[in-house]
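Working notes for the structure below.
As the structure is a prediction and not an experimental result, all values here were calculated from the model.
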Amino acid sequence: MKVRLGLLIIVAGLLLIISCESKKIDLYKVLGVDRSASQREIQKAFHKLSLQYHPDKNKNKGAQEKFAEINNAYDILSDEQKRKNYDLYGDEKGNPGFDAGTSGDHGGYTYFTGGGPGESGFNFGPGGQGGSKSFSFSFGGDPSHRGQSSFGFGLDDIFSNLFGGGKGGGSQFGGFGSSSRSQYGGRGSDKSILSVNSKFYKKEINDRGMSWLLFFYSPNLQGTQYYESIVEEVAASLVGALKVGSVNCESEASFCKELGVHLRRAPKVYVYSYSQGESGSLVEYSGDLDVKGLKIFCQDNLPKFSKGVNLSQFKVAAEAVTSPKVMLLSTKKNTPVIWRALSGLYHKRFAFYNAEVVLRSDISDPSVRALGVDSLPAIVGWLSNGEKVILKSGISVKDLKSAVQDLSRLLEIFEKKNENVASTKTEHPESGDKHLPLLTGSNFYDICGDEIPVCLIGAFRSSNTRDKLQTILQSVSQKSFSRKQSAASGPRTSISYSLLDATKHQSFLNAFDKSGFKSSQKFLLAYKPKRGTFAAFQGDITEEAVENFVASIMNADVQFTKTKQKPTLK
């Protein structure tokens with residue numbers, strides 16, 4: 001009895017010494033950060049050191065103990081309340097001095113090593129009945145005690161599953177007091193990672209256009225904290241382009257089963273991706289769990305609704321979409337992350353394009369000049385009636401998040417303008433489905449640019465004559481005309497059709513004719529942009545007469561005259 005009592009006193013003394021020594025450790029120095037360090041800096045330091053000292057990676061003597069110190073320091077300093085208490089009292093619980101705790105409340109930060117052959121080890125915790133304390137220690141003793149603690153957790157490598165494990169299910173190394181997150185329960189309640197359940201998923205994630213980085217875990221799985229730190233760091237680097245959430249597959253078992261997520265030895269990471277089509281789907285990340293690899297995976301799975309085009313070959317009219325169109329002009333060969341994120345959020349409201357512009361000393365590309373863009377990056381839009389709008393040029397951004405927000409506002413304004421244009425269509429009813437564009441300075445090069453063989457313009461001076469021209473030209477534009485010449489004479493001439501308000505663009509008309517056709521209420525101009533020639537039709541404009549005029553143009557039976565000067569619209 002005296003021997004047992006003496007042994008108990010010795011053990012208690014040793015524990016007191018170990019615990020007191022542990023309290024002298026500066027947790028900030030353990031992570032290599034200043035006391036004023038931000039949570040982001042603490043997280044990055046933890047991530048770096050945990051990789052450096054992980055026992056499966058680092059076989060040097062003392063790596064296990066160092067790894068335990070790093071995790072314990074991160075556990076305390078990453079929790080604002082524990083950090084505050086530690087800064088004030090040296091104890092994360094806010095208790096000055098040593099606190100041995102009570103049954104079920106084991107205060108202090110104690111470091112110890114798992115017993116192995118020829119090595120000393122300590123196991124301690126509540127035991128027996130009535131909450132009485134029991135302590136045990138061994139110096140290479142009974143193997144039945146090795147790797148276990150009466151605190152309710154093993155001394156196995158908590159990251160063994162993450163890196164494939166060691167012999168016999170993982171190496172044994174330092175454990176943690178129960179005040180730490182050694183059991184790695186989910187931290188879905190943290191502000192940085194939203195907790196996701198079935199209802200939230202269906203309302204906020206499923207087919208909403210935003211990519212999500214989703215972290216699936218269970219409180220009894222090892223490695224959760226490490227997974228979480230990687231996920232948080234990647235999400236922080238892509239704020240604005242994707243969101244982050246966590247799913248507890250213990251409390252949300254049916255939801256995880258519904259998604260086809262089955263956890264076995266470790267947590268899993270997925271991206272809700274739009275890279276495969278219109279609808280989103282969960283794609284599992286199976287690479288090495290590091291920031292670089294996961295970030296690349298996330299970027300690869302961002303929305304891909306923007307179509308890369310060659311600007312010199314792009315024709316708005318050739319794109320068979322009824323939605324308003326938006327195009328990003330930049331020096332990037334691949335679609336920028338910002339534009340991919342926006343294409344996901346707005347893909348049901350706009351047709352997205354992106355084009356690479358190779359810069360020289362200035363923006364000398366005629367295709368860029370024709371769009372009216374003077375600096376890059378720039379966003380150009382086309383309303384549903386074909387009118388071109390410069391949304392913004394010379395775009396500069398502070399960060400990804402603010403860029404997505406700012407450009408979203410531009411798209412919202414552009415969409416509103418398109419709705420206003422669409423609402424005015426009832427004032428000028430047309431027959432058929434195709435709507436002839438009204439020629440303006442912003443769309444002139446798209447409709448009557450140098451690459452258009454013939455541009456047929458119906459000019460009007462009143463709403464009444466506009467409606468008549470609209471009906472006639474629309475009907476004629478839907479008919480096909482063949483050249484009399486053989487196929488050897490060349491390809492069929494292409495004609496674009498548009499309307500022009502003659503009362504607003506008299507200077508434009510003066511470039512064709514000295515009088516500017518002022519005496520005519522309505523007339524037709526056939527203009528060949530590349531040759532700089534034109535032909536006018538001023539007779540009685542009927543559908544038959546216009547058909548004959550177009551057929552004569554196609555068959556080269558109409559004489560074209562040189563313009564006085566190159567016509568331009570402002």
field: Contacts of Glu543 that satisfy salt bridge (charged side-chain N to carboxylate O under 4.0 Å, His left out) - sequence neighbours left out
entry: Lys479
field: Partner residues of Asp207 under the salt bridge (charged side-chain N to carboxylate O under 4.0 Å, His left out) criterion, sequence neighbours left out
entry: none
task: Using salt bridge (charged side-chain N to carboxylate O under 4.0 Å, His left out) as the criterion, list what pairs up with Asp450, not counting sequence neighbours.
output: Lys566
- request: Compute the centroid of each ring, for Tyr285 and then for Phe297, and state whether the two points are separated by less than 6.0 Å.
  value: yes
query: Can you pull the salt bridge (Lys or Arg N to Asp or Glu O under 4.0 Å) pairs that have at least one residue in residues 235-244, sequence neighbours excluded?
result: none
- request: For the residue pair Asn510 and Ser507, confirm or rule out a side-chain donor-acceptor distance under 3.5 Å.
  value: no
task: For residues Phe200 and Trp212, establish whether the separation of their ring centroids is below 6.0 Å.
output: yes
- prompt: Strictly under 6.0 Å, is that where the ring centroids of Tyr217 and Tyr227 end up?
  reply: no
- prompt: Do Tyr270 and Tyr272 make the cut of ring centroids closer than 6.0 angstrom?
  reply: no
task: Report yes or no: is the cationic atom of Lys325 (NZ for Lys, CZ for Arg) closer than 6.0 Å to the six-membered ring centre of Phe350, at no more than 45° off its axis?
output: no
task: Might you work through the side-chain contact (heavy atoms from CB on, under 4.5 Å) test for Leu214 and Val271, ending with a clear yes or no?
output: CA-CA 6 Å; Leu214 295 173; Val271 170; over 6 Å; no
- request: Applying salt bridge (charged side-chain N to carboxylate O under 4.0 Å, His left out), name anything that partners Glu415, two or more places apart in sequence or on another chain.
  value: Arg349
query: Do the two ring centres, one from Tyr527 and one from Phe534, sit under 6.0 Å apart?
result: no
Cys298: disulfide (SG to SG under 2.5 Å) partners, not counting sequence neighbours: none
- request: Consider only side-chain N and O atoms of Thr542 and Asp540, and report whether a donor and an acceptor are under 3.5 Å apart.
  value: no
